[in-house]
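Here's the structure, in structure tokens; my notes come after.
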Amino acid sequence: MKKTLALLLTGILALSLALAGCSSSTSKEKDDGKGGSSEAKGGVLIYGKGGDAVGLDPAIVTDGESFIVTQQIFETLVKYGEDDTEIKSGLAKSWEVSDDAKTYTFKLETGIKFHDGTDFNADAVVKNFQRWAQSKDEGKFAYYASMFGGFEGDEGHVIKEVKAIDASTVEFTLNRPQAPFLKNLAMPTFAIASPDGIEKEGDDFTKNPSGTGPFKFKSWKPGDTIEVVKNDDYWQDGLPKLDGVTFKVIKDNSARLNAAIKGEIDLMDGLNPSDISKVTGDEKLQIFERASMNVGYFAFNVEKAPFDKKEVRQAISHLINKKEIIDNFYEGTAEPAKNPIPPSVSGYNDKIEDYDYDVEKAKELLKKAGLEDGFKMDLWAMPVPRPYMPDGQKVAEAIQASLKQVGIEANIVSYEWAAYLEKVQAGEAQSFMMGWTGDNGDADNFLYTLLDKDNIGSNNYARYANDEVHELLIEAQSTADEAKRNELYGKAQEIIHDEAPWVPLVHSLPQLAGSKTVKGFVPHPTGSQSLVNVSLEN
């Protein structure tokens, strides 16, 4: 009898599993209680993206493909608003700032555990900042060096000391005021990781991360999927709403959209602007538009000939037909860029006149540089779609064609995404396609991070150095007066525009698509966000 019952139960279980296998990966139970609510209980959201994460240690990565995952696993002391960069409480529930703006005292939430079961407290915060500040490894901790002026002992280092006052109080003392300090702390790269996890895993922490976030790391199949699952011990009641998120790599934009149409994924980024009508015409799908806080650019390594000559950089600036690029590849979802920062960021200098598309001017400048017959060069193109550039390869081909008009032969080069970033950072590229989505909504995060001499070797991929620009940017960092800061940033942009280390191409409105079952997803202007409030409804 027991054997018969066991066989019967086994058969029922097998049938249940078979039926589950036939349903969508995002299927979930309905609330059959009073009122007949159709709201889903949990479920696993499948997020389609164009490239794999480089790593899962937020302190050492710089790319959006990684941050969209790490923001589910880790949290910061303070965070941004749901759809803006206003500062809200995070792991720190409150803070006080001294009158001289050099001391920040944070009161921390209590009773929080890292995913490995160890305690989150003031000592954990201190150990994280010591790990970054004392490393002296600009290649590894590029963001820390970029945002805080180097490392401990460096002349420009912003943070003098971080110490635990007690288990739930941590105090930051700065060497000088830094206007965007709180906004910097909210960046996902400065999320607090488990010190025990870092010590135990060493370099492998980036493959087996432990934070305090709403989801725990489960698995990573390189080039395919990363799975995170609900943190049942999460410190905010009722969250997260999902049982988990699976990040699925589908490199081709069109293939990713087809997966969304078929119901194989629930949400996707990198929608081709030309495919918007396919989404709006499908009653099962919806469009999400991310606010523009980015720049896509074509840059020169100013340390490599012939791009060490300003006239060559200016000549190429006159050869790029931005309107044509936008018409062909953005379908009206971008505007031409003339500055390294977008118009939405305070400090944008709208008085600057862009380099007009003028082949004859380009020829004159090349002649002045002694290169009237043109030259050969390498043009590096991104291998993955990015929010600011849905198809970097095609944009590179358009630039290649433009350069031919003056005898410049551009050889297009590309690498796998992680290698591409590493090589460009190391200064190997002669010229390259790249872009940036603002991390905190401040001009400092574009101009100082990307174009200051302090950040050569980290995020200043063009390796551009100008002492006057540096002085302007440090002064702007160190004053709280918004009008004064904007004036300083305006002057810096004038110098950068003249010296042309970049050709700013576009500021885009990134398009995402998803199933209409996706609720609570608000695309953040910084390019990625926690999915803690997202749910799936049938």
Side-chain angles (χ1 to χ4, degrees), residues 78-81 83-88 95-104 146-150 155-160 172-187 190 291-295 297 335-354 436-455 459-460 464-502 504 507 524-526:
V78 293
K79 63 183 181 182
Y80 304 125
D83 59 358
D84 57 35
T85 54
E86 293 298 313
I87 295 300
K88 309 288 184 182
W95 56 91
E96 294 180 356
V97 186
S98 63
D99 290 341
D100 64 1
K102 289 185 179 181
T103 304
Y104 289 73
S146 293
M147 305 317 299
F148 297 118
E155 183 179 349
H157 190 224
V158 170
I159 299 175
K160 182 178 181 180
F172 288 72
T173 304
L174 309 186
N175 286 308
R176 59 179 172 84
Q178 187 186 51
F181 183 68
L182 286 173
K183 285 191 171 184
N184 289 346
L185 290 186
M187 289 166 51
F190 303 123
S292 179
M293 196 170 73
N294 61 43
V295 60
Y297 63 88
E335 61 178 316
K338 61 182 180 180
N339 293 320
I341 66 174
S344 59
V345 171
S346 182
Y348 180 82
N349 188 342
D350 198 29
K351 294 179 180 178
I352 286 175
E353 292 187 13
D354 199 7
W436 187 259
T437 299
D439 294 293
N440 61 16
D442 198 277
D444 178 79
N445 182 244
F446 284 86
L447 298 175
Y448 178 75
T449 302
L450 304 178
L451 288 162
D452 190 84
K453 67 178 186 178
D454 280 351
N455 295 318
N459 289 313
N460 181 351
Y464 170 70
N466 181 286
D467 289 338
E468 187 179 356
V469 167
H470 174 73
E471 290 171 7
L472 289 166
L473 297 181
I474 295 300
E475 186 179 352
Q477 260 190 17
S478 305
T479 180
D481 185 323
E482 188 73 5
K484 178 62 175 175
R485 294 186 77 209
N486 288 347
E487 180 184 343
L488 294 165
Y489 287 133
K491 290 179 181 177
Q493 287 168 80
E494 290 174 3
I495 298 168
I496 292 167
H497 179 76
D498 177 65
E499 298 210 317
W502 292 5
H507 305 298
H524 200 269
T526 58

In this structure, CG of D498 is separated from CD of E494 (nearest 0.5 Å) by 10.0 Å

Next on the checklist: Could you tell me if the side chain of P340 sits less than 4.5 Å from the side chain of L450, heavy atoms only?
Outcome noted: no

Note: A179 and A476 closest approach over all heavy atoms is CB-O, 4.4 Å

task = Could you tell me how the ring of Y80 sits relative to the ring of H524: parallel (under 30°), tilted (30 to 60°) or perpendicular (over 60°)?
result = parallel

task: Would you check if the side chain of N455 reaches a backbone N or O of N460 as a donor-acceptor pair within less than 3.5 Å?
output: no

Could you tell me whether a side-chain N or O of Q178 sits under 3.5 Å from a main-chain N or O of M147, the two making a donor and an acceptor? yes

Note to self: Could you tell me if Q477 and Y448 have a donor-acceptor pair between their side chains, going purely by distance under 3.5 Å?
What the structure shows: no

| task | Indicate yes or no: at least one non-hydrogen side-chain atom of V345 is less than 4.5 angstrom from one of Y489. | result | no

Worksheet item: Do L185 and W95 touch side chain to side chain, with heavy atoms closer than 4.5 Å?
Response: no

Using modelled atom types and a 3.5 Å cut-off, is there a donor and acceptor pairing between side-chain atoms of T85 and backbone atoms of D442? no

Can we say D467 and K453 salt-bridge, meaning some charged N sits less than 4.0 Å from an Asp/Glu carboxylate O? yes

Item to complete: Examine the side chains of S98 and D100 and answer whether a donor and an acceptor come within less than 3.5 Å of each other.
Response: yes

Under a 3.5 Å distance rule, please check whether N349 uses its side chain to pair with a backbone N or O of G490 as donor and acceptor.
yes

If you define the side chain from C-beta out and look only at heavy atoms, does anything of N184 sit under 4.5 Å from V158?
no

- Task: Decide yes or no for R485 and D444: does some side-chain heavy atom of the first lie under 4.5 Å from some side-chain heavy atom of the second?
- Result: yes

Check: I341 main-chain N/O paired with N339 side-chain donor or acceptor under 3.5 Å: no

What's the verdict on side chain to side chain contact (heavy atoms under 4.5 Å, CB included) for L451 and V469, showing C-alpha distance, side-chain angles and the deciding distance?
CA-CA 9 Å; L451 288 162; V469 167; 5.8 Å; no

Between S146 and the options T449, N445, N459, the side chain to side chain donor-acceptor pair (under 3.5 Å) test singles out N459

For residues D354 and H497, determine if any side-chain heavy atom of one lies less than 4.5 Å from a side-chain heavy atom of the other. yes

Examine distances only and state if a side-chain atom of D350 and a backbone atom of P343 form a donor-acceptor pair shorter than 3.5 Å. no

Side chains of L182 and Y104: does their closest heavy-atom pair fall under 4.5 Å?
-> yes

- Aromatic ring pairing H507/Y348, orientation class (parallel under 30°, perpendicular over 60°, tilted between): perpendicular

Closest heavy-atom pair, R176 versus S478, reported as atoms and distance to 0.1 Å, is NH1-OG, 3.0 Å

Exercise for review: Please examine the side chains of W502 and V295, heavy atoms only from C-beta on, and report whether any two atoms are closer than 4.5 Å.
Suggested key: yes

